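Take a look at the structure set out below.
Keep in mind the model is a prediction, meaning the values are calculated, not measured. Both counts, for ligands and for their atoms, begin at 1 and track the order of listing.
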Amino acid sequence: MKFSAFGDKFNGPSGIGNLMDDLGRAMASEAPMLMLGGGNPGRIPELEARLCDELRKIANDENRFAQVAGAYDAPNGESRFIDALVKLINTQYNWGISKENIAITNGSQNAFFFIFNLFGGKYADGSTRKILLPLAPEYIGYEDVFVDGQHFVANKPTIDYLDDDMFKYRVDFDTLEITEDIAAICVSRPTNPTGNVLTDDEMTRLDEIARTNDIPLIIDKAYGLPFPNIIFSKGTPTWNQNTIMCLSLSKFGLPGLRTGIVIADTPVIDAISALNAITNLSPNSSGAALVTPLFESGEVLDLSTNVVRPFYQEKAASAVRYVRDALSEYPVKIHKPEGALFLWLWFKDLPITTLELYQRLKNRGVLIIPSQYFFPGIDEDWQHKHECIRLTYSQSEETVREGIRIIGEEVRAIYDARACA
Ligand code: PLP
């Protein structure tokens with residue numbers, strides 16, 4: 001069968017597509033697998049019980065059910081939810097947003113597909129423009145979103161060596177260049193894969209750079225404030241007309257209901273609504289409808305801060321302990337876990353690439369993600385790209401403990417073999 005160039009691109013091989021297939025096959029195999037590779041949120045019984053309550057209320061009220069499931073929303077999304085969100089955001093942060101500043105999408109991944117294609121790629125005047133990722137490593141899910149080609153450029157970070165075995169990436173403003181062909185800047189905060197939270201100072205500087213150059217600053221807050229608030233360090237959220245802020249209900253515990261939220265200036269929201277209409281008629285309203293009462297009462301903030309955040313913070317602390325137990329005498333460095341669901345481990349001067357380590361661990365029944373996939377926009381072959389892994393600590397304590405124990409065994413054996421050679 002022959003496809004168009006668009007068909008060939010999306011149907012063709014992609015690094016992440018191959019990796020996800022490989023992970024899928026490993027999970028489906030007979031041998032039990034310890035899944036430290038994915039980005040699925042963990043199960044939090046208290047939160048699940050609260051969300052089930054809301055679901056039961058919808059199921060028990062025919063009119064509400066008809067509103068949620070029996071009607072198409074407007075292309076910008078569920079209006080009662082949007083009203084609740086506007087009120088919550090303005091009360092909490094005083095950003096002065098209105099309904100016209102919000103659009104709902106089918107998950108934030110869907111929003112990124114729209115937004116990156118709205119700004120990156122070919123323009124009517126024949127020029128081609130790019131999205132700047134000021135701090136790589138960055139989210140693996142950005143890599144393949146463009147309908148034609150690849151339009152990212154990324155900046156290598158500076159590395160701060162912190163106490164003990166920790167480090168932290170920082171934006172290297174000395175090398176950050178805004179060339180004519182940059183159409184927008186994008187960061188995830190907290191960052192997937194590293195758990196980094198860009199400092200308020202870094203965010204202020206990026207905001208200033210974006211405004212001075214008259215390009216938008218896209219902030220991916222899939223793990224951020226105000227919900228799900230999986231942030232263990234300080235990080236003040238800010239927004240202005242030049243910001244395109246992307247939120248999601250996924251890491252609040254509802255990835256299956258595919259709800260993304262974009263807060264931006266009206267031309268961006270109008271464009272996203274138009275894309276929603278063309279590609280989906282209207283976005284999925286089930287997630288928005290389910291959580292509307294929690295947004296109207298403000299309970300979403302309480303649940304995020306007092307239930308979701310501590311759940312992951314405890315898991316992050318135990319994962320760090322397990323890594324230290326397994327590898328204390330070895331040159332492993334841990335990116336300071338400041339948020340999200342991941343530990344980012346750097347095996348300095350590891351004699352093999354972490355893609356090879358991924359294969360060895362898969363043979364031992366542990367799935368992680370090697371670092372090379374997290375550098376969209378950095379083509380240069382930088383050794384650091386092959387020395388790190390991302391592991392997810394959202395799964396059960398036993399899975400994380402056992403997985404890290406096996407990672408420790410393999411990594412020790414690899415370093416020891418070099419020492420003996
Ligand atoms: N952004 C980041 C940084 C993520 O980690 C993810 C998912 O893992 C997404 C966006 C997309 O999430 P969703 O489409 O479920 O909202």
Side-chain angles (χ1 to χ4, degrees), residues 16 19-20 23 35-42 77 81 85 102-117 131 133-145 152 154 169 184-198 217-231 235 237 244-263 272 275-276 279-280 283-288 290-291 304 308 312 316 335 337-344 368-369 371 373-377 390-395:
I16 182 59
L19 180 74
M20 294 322 274
L23 289 176
M35 182 52 160
L36 306 189
N40 219 67
F81 174 72
L85 184 61
I102 295 184
I104 308 301
T105 56
N106 291 339
S108 63
Q109 186 69 24
N110 181 214
F112 287 108
F113 181 77
F114 292 165
I115 294 167
F116 288 146
N117 281 294
I131 309 295
L133 307 173
L135 198 164
E138 233 332 334
Y139 173 45
I140 202 165
Y142 297 157
E143 174 97 47
D144 293 300
V145 298
F152 287 115
Y169 293 126
I185 301 176
C186 175
V187 289
S188 61
R189 187 190 196 225
T191 308
N192 174 357
T194 56
N196 191 19
V197 173
L198 273 81
L217 174 62
I218 303 164
I219 310 178
D220 178 350
K221 295 173 65 106
Y223 306 86
L225 277 160
F227 53 88
N229 192 3
I230 312 177
I231 299 192
I244 302 177
M245 182 174 284
C246 299
L247 298 163
S248 170
L249 293 182
S250 295
K251 315 301 170 171
F252 183 67
L254 297 171
L257 299 190
R258 309 307 301 129
T259 313
I261 300 150
V262 182
I263 307 181
I272 288 175
L275 279 155
N276 268 340
T279 56
N280 302 303
N284 177 8
S285 46
S286 57
L290 184 74
V291 298
S304 297
V308 179
Y312 290 107
H335 192 287
E338 299 180 305
L341 328 171
F342 312 106
L343 271 198
W344 179 256
I368 50 93
I369 306 216
S371 48
Y373 295 105
F374 295 97
F375 293 85
R390 186 195 81 175
L391 63 87
T392 310
Y393 51 72
S394 61
Q395 301 306 301

Which atoms of ligand 1 are found less than 4.0 Å from any heavy atom of Tyr223? 3 (C), 4 (C), 5 (O), 8 (O)

Classify the ring geometry between Tyr169 and His335 as parallel (under 30°), tilted (30 to 60°) or perpendicular (over 60°). tilted

Below 4.5 Å, heavy atoms only, C-beta onward: do Pro190 and Ile230 meet side chain to side chain? no

Do the ring planes of Phe252 and Phe227 sit parallel (below 30°), tilted (30 to 60°) or perpendicular (above 60°)? perpendicular

Which of the atoms in ligand 1, numbered in the order shown and given with their element, are less than 4.0 Å from a heavy-atom of Ser248? 13 (P), 16 (O)

N/O to N/O below 3.5 Å, does that happen between Gln109 and ligand 1? yes

Looking only at protein heavy atoms, which one is nearest to atom 9 (C) of ligand 1, and how far off is it? Tyr139 OH, 3.4 Å

Counting only heavy atoms closer than 4.0 Å, does ligand 1 sit against the backbone of Ser250, its side chain, both, or neither? side chain

Rounded to the nearest 0.5 Å, what separation is found between the CZ atom of Arg390 and the CG atom of Leu343? 11.0 Å

Could you tell me which atoms of ligand 1, counted from 1 in the order shown, lie closer than 4.0 angstrom to a heavy atom of Arg258? 13 (P), 14 (O), 15 (O)

Backbone or side-chain N or O of Asn192 under 3.5 Å from ligand 1 N or O: yes

Give a yes or no answer on whether the side chain of Asn284 reaches the backbone of Leu257 with a donor-acceptor pair at less than 3.5 Å. yes

Of all protein heavy atoms, the one nearest atom 1 (N) of ligand 1 is Asp220 OD2, 2.6 Å

Does Tyr142 reach ligand 1 with a nitrogen or oxygen that is under 3.5 Å from one of the ligand's nitrogen or oxygen atoms? no

Under a 4.0 angstrom heavy-atom cut-off, which atoms of ligand 1 come close to Gly107? 14 (O), 16 (O)

So which protein heavy atom does atom 8 (O) of ligand 1 come closest to, and at what separation? Lys251 NZ, 2.8 Å

Examine distances only and state if a side-chain atom of Tyr312 and a backbone atom of Tyr393 form a donor-acceptor pair shorter than 3.5 Å. no

For the pair Tyr142 and Phe112, name the ring-plane relationship: parallel under 30°, tilted 30 to 60°, perpendicular over 60°. tilted

Check contact between Ser108 and ligand 1, using heavy atoms of the residue and a distance below 4.0 angstrom. yes

Going by the angle between their ring planes, with limits at 30° and 60°, are Trp344 and Phe375 parallel, tilted or perpendicular? tilted

